[in-house]
Undergrad: 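Here you go, one structure.
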There are 2 protein chains.
Amino acid sequence: MRVLKYAILGLLDQRELTGYDMKKHFEDSLGQFWSAKHSQIYPELKRLTEEGFIEFDIHIQGKKLEKKVYQITDAGKRELHEWLRKKGPIPDTTKDEFMLKTFFISSMDQKEAAGLFSHQLQERTKKVEMLEQKLNILTEEDPSAQSLHSTQFGHYLVLTRAIEREKGYVRWLQKTLEVIDSSIV
Amino acid sequence: MRVLKYAILGLLDQRELTGYDMKKHFEDSLGQFWSAKHSQIYPELKRLTEEGFIEFDIHIQGKKLEKKVYQITDAGKRELHEWLRKKGPIPDTTKDEFMLKTFFISSMDQKEAAGLFSHQLQERTKKVEMLEQKLNILTEEDPSAQSLHSTQFGHYLVLTRAIEREKGYVRWLQKTLEVIDSSIV
DNA sequence: GGCTCCATGTAACAGGTTACATGATTGG
DNA sequence: CCAATCATGTAACCTGTTACATGGAGCC
């Protein structure tokens, strides 16, 4: 259903951007829930331009570097809002390779399982710290980000959701590790 | 990295199955974290057979329906265990279309946002109930599922993880909806 | 001059979905 | 006998990743 299309339209509804700028956004907090490589972004920009949902101006950087700065058109805004309003069903599957391994825990011995789980716990804990640091920076730079009418509210929500998602994962990993460690053969 | 390959090997490490049986597993609790359509499963089974990781016997159902019952080979078991042991990095992105919309909340008006969030809250709440019912059935049928040495332990872990994931989502949705509703223009 | 980052593109391949296609079994 | 389910496959298409490819800008 071409979600990347809407990700691009949504970004351009906030401010004009180059393809390169969009890639940067996908590496930032938005990237917790959606991302794309530049090799996917550029062809999509070309297509959206042909469809009339976006337009670009050429800006000259320095002496001769030409960059394409994209803006959303009125047709693009209509398209974006149609998608934003639509109440889709929640997906049945959210792919998670670690949980697939977990499903097969009976194929592992106790030591292997403990190693796998403690590594995952370590990685997820690091991620929580990284995300909390991002949230601190955001709320220090713009304390109004926590209110609905701030332009940064979406950014704030994505960070808080990502933090709570990871914290929930961490709690479950700790609880499960205790069960594994206490089941000495 | 051919995760479906390992999903199939993992399932066959528990018991012999037909491609159709595997599809059923992906529609069940495992499907919370991994799934595949039959159109992807059958070609993968063919490939895994060619690679020597699995084998099949033909069983006759009724008068003449031939079904292929697959088993994992020793080579397949080695391949599976290599993957199970490997400690990969956690993914940067877990795609979530609803959270992408959330990032663009400043493009919506307050009423639209409230509608979107309350619908999502409703759907996620229903999912929690469905998952809790599945967990009840599992623990009633096999109370030992909660211990490491049960063959159902993986099943139990996947369900508890899915339940906590959805509950965390629900809590965040409720909290965010309160902020949206209390921000009357 | 050289390194990092900015900036844009294409090609080949891998993974995954939808649609097309067929036929047997089981149970009411 | 009819419907739901069991059972297996292919083809076309879409999405997304990795690799290939190029060149300018900014800074030390």
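It should be emphasised that the depicted structure is a prediction, and the values quoted were computed from it without experimental measurement. Chain A is the first sequence line, chain B the second, and so forth, proteins listed ahead of strands; every chain is numbered from 1.
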Undergrad: Just the rounded figure in Å: distance from C1' of C/dT8 to CG of A/Leu17.
TA: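 Between C1' of C/dT8 and CG of A/Leu17: 16 Å.
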
Undergrad: Looking across every strand, which nucleic acid part, if any, lies under 4.0 Å from A/Lys68 by heavy atom: base, sugar-phosphate, or nothing?
TA: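 Here A/Lys68 touches the backbone only, sparing every base.
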
Undergrad: Go nucleotide by nucleotide along DNA chain D from the 5' end; which of B/Lys67 and B/Lys46 gets its closest nucleotide reached first?
TA: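 On the 5' side of the pair lies B/Lys67.
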
Undergrad: B/Arg2 CZ to C/dC13 P: how many Å, rounded?
TA: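 To the nearest whole Å, that distance equals 16 Å.
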
Undergrad: Which nucleotide wins on minimum distance to the side chain of A/Lys24, given the candidates C/dA7, C/dG16, C/dC6?
TA: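 So the nucleotide nearest the side chain must be C/dC6.
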
Undergrad: Hey, would you say the B/Phe117 and B/Phe98 ring centroids sit under 6.0 Å apart?
TA: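 Yes; B/Phe98 has its ring centre under 6.0 Å from that of B/Phe117.
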
Undergrad: What is the distance, rounded to the nearest whole Å, between atom NE2 of B/His38 and atom P of C/dT22?
TA: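 For the pair B/His38 NE2 and C/dT22 P, the rounded distance is 14 Å.
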
Undergrad: With nearest nucleotide decided by heavy atoms, which residue, A/Gln61 or A/Pro43, maps closer to the 5′ end of DNA chain C?
TA: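 Residue closer to the 5' terminus by nearest nucleotide: A/Gln61.
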
Undergrad: What is the distance, rounded to the nearest whole Å, between atom CE of A/Met1 and atom C1' of C/dG16?
TA: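 The answer, rounded to whole Å, is 13 Å.
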
Undergrad: Under 4.0 angstrom, heavy atoms only, what part of the nucleic acid is B/Lys37 near: base, sugar-phosphate, or nothing?
TA: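 Counting heavy atoms under 4.0 Å across all strands, the contact made by B/Lys37 includes a base.
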
Undergrad: Would you please say whether a donor-acceptor pair under 3.5 Å links the side chains of B/Gln122 and A/Lys87?
TA: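 Side chains of B/Gln122 and A/Lys87: no pair found under 3.5 Å.
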
Undergrad: Quickly work out the A/Ile8 CD1 to C/dT8 C1' distance and round it to whole Å.
TA: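 Spelled out: CD1 on A/Ile8 to C1' on C/dT8 is 14 Å.
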
Undergrad: Using a 4.0 Å heavy-atom cut-off, does B/Lys5 contact any base of the nucleic acid, only the sugar-phosphate backbone, or nothing at all?
TA: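 No contact at all - B/Lys5 keeps every heavy atom at 4.0 Å or more from the nucleic acid.
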
Undergrad: Could you pick out which residue, A/Ala36 or B/Ser39, lies toward the 5' side of DNA chain D when each is mapped onto its nearest nucleotide?
TA: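 Looking at DNA chain D, the more 5' nearest nucleotide goes with B/Ser39.
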
Undergrad: Should B/Gln152 and B/His155 be marked as a side-chain hydrogen bond (donor to acceptor under 3.5 Å, both in side chains) after you check the CA-CA gap, both sets of side-chain angles, and the distance that decides it?
TA: CA-CA 5 Å; B/Gln152 292 300 301; B/His155 194 163; 3.0 Å; yes

Undergrad: Charged N to carboxylate O below 4.0 Å: is that the case for A/Arg2 and A/Glu44?
TA: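 Salt bridge flag = yes for A/Glu44 with A/Arg2.
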
Undergrad: Under a criterion of less than 4.0 angstrom to any heavy atom of chain A, what are the 5'-terminal and 3'-terminal contacting nucleotides of DNA chain D?
TA: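 Taking any atom under 4.0 Å from a heavy atom of chain A, the span is D/dT15 to D/dA25.
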
Undergrad: Which whole-number value in Å describes the distance from B/Phe26 CZ to C/dG16 P?
TA: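 Whole-Å distance recorded here is 10 Å.
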
Undergrad: Can you find a side-chain donor-acceptor pair between B/Asp57 and B/Gln71 that sits under 3.5 Å?
TA: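 Checked: B/Asp57/B/Gln71 side chains pair up, N/O donor to acceptor below 3.5 Å.
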
Undergrad: Is the closest basic N to carboxylate O distance between B/Lys175 and B/Glu178 below 4.0 Å?
TA: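 The answer is no: the pair does not qualify as a salt bridge.
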
Undergrad: Are B/Lys5 and B/Glu51 close enough, and set up right, to give a salt bridge (Lys or Arg N to Asp or Glu O under 4.0 Å), and what steps lead you there?
TA: CA-CA 11 Å; B/Lys5 165 182 165 180; B/Glu51 292 170 328; 5.2 Å; no

Undergrad: Please confirm whether B/Arg47 makes a cation-pi placement over B/Phe53, using NZ or CZ under 6.0 Å from the six-membered ring centre and within 45° of the ring normal.
TA: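 Output no; distance or angle outside limits.
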
Undergrad: How many whole angstroms separate atom NZ of B/Lys23 from atom P of C/dT17?
TA: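 The answer, rounded to whole Å, is 14 Å.
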
Undergrad: Using the C1' atoms of the five pairs at each end, what is the angle between the end axes of the helix from C/dG1-D/dC28 to C/dG28-D/dC1, to 10°?
TA: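 Answer for the end axes of this duplex: 30°.
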
Undergrad: Roughly, in whole Å, what's the span from NE2 in A/His59 to P in C/dC6?
TA: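 Rounded to whole Å, this separation is 18 Å.
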
Undergrad: Determine which pairs satisfy side chain to side chain donor-acceptor pair (under 3.5 Å) with at least one residue from residues 129-138 of chain A, sequence neighbours left out, and list them in order.
TA: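 Sorted pair list: A/Glu132-A/Lys167.
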
Undergrad: Does a side chain donor of either B/Asp13 or B/Tyr6 reach within less than 3.5 Å of an acceptor in the other side chain?
TA: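 B/Tyr6 and B/Asp13 do not have a side-chain donor-acceptor pair below 3.5 Å.
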
